[in-house]
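Only a predicted model underlies this, so the values are computations on that prediction, with no experimental measurement involved. The basis for the numbers below is simple: all heavy atoms, side chains too, and nothing from hydrogens, waters or symmetry mates.
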Amino acid sequence: MREIFAGMPWWVKWVAVPVIALVVFGGLIATVVGFVIGLLFKALVFVALVGGLIYVVRKFMSTSSSRSDW
């Protein structure tokens with residue numbers, strides 16, 4: 001492989017080959033990136049919901065325990 005690229009101009013190695021790779025694998029790359037971003041978003045929503053649930057439960061437990069002190 002190195003011998004093949006040795007005789008090529010710099011723009012073939014650094015411009016043409018990456019552009020061809022993006023054209024060929026662009027849909028696959030977009031799908032993978034979209035999946036990862038969607039997964040991160042869902043994980044963030046999950047963490048926020050669990051944190052909110054813990055906050056509400058602690059708030060409710062502290063309120064109910066203070067009422068039983070009366």
Visitor: Here's a test for you: under side chain to side chain contact (heavy atoms under 4.5 Å, CB included), which of V23, V17, V24 qualifies with I20?
Guide: V24
Visitor: Name the residue from V36, T31, I29 that meets the side chain to side chain contact (heavy atoms under 4.5 Å, CB included) definition with V33.
Guide: I29
Visitor: Assigning hydrophobic clusters by single linkage (Ile, Leu, Val, Met, Phe, Trp, Tyr; side-chain heavy-atom cutoff under 4.5 Å), is W14 placed with W11?
Guide: yes
Visitor: When hydrophobic residues are tied together by side-chain contacts of less than 4.5 Å, even through go-betweens, does I54 share a cluster with V56?
Guide: no
Visitor: Going hydrophobic residue to hydrophobic residue with side-chain gaps under 4.5 angstrom, can you get from W10 over to V12?
Guide: yes
Visitor: Do you know the tightest heavy-atom contact between M8 and K13?
Guide: O-CE, 4.1 Å
Visitor: What's the spacing between F46 CZ and L49 CG if we round to 0.5 Å?
Guide: 8.5 Å
Visitor: Hydrophobic clustering (ILVMFWY, side-chain heavy atoms < 4.5 Å, transitive) - are I37 and L44 grouped together?
Guide: no
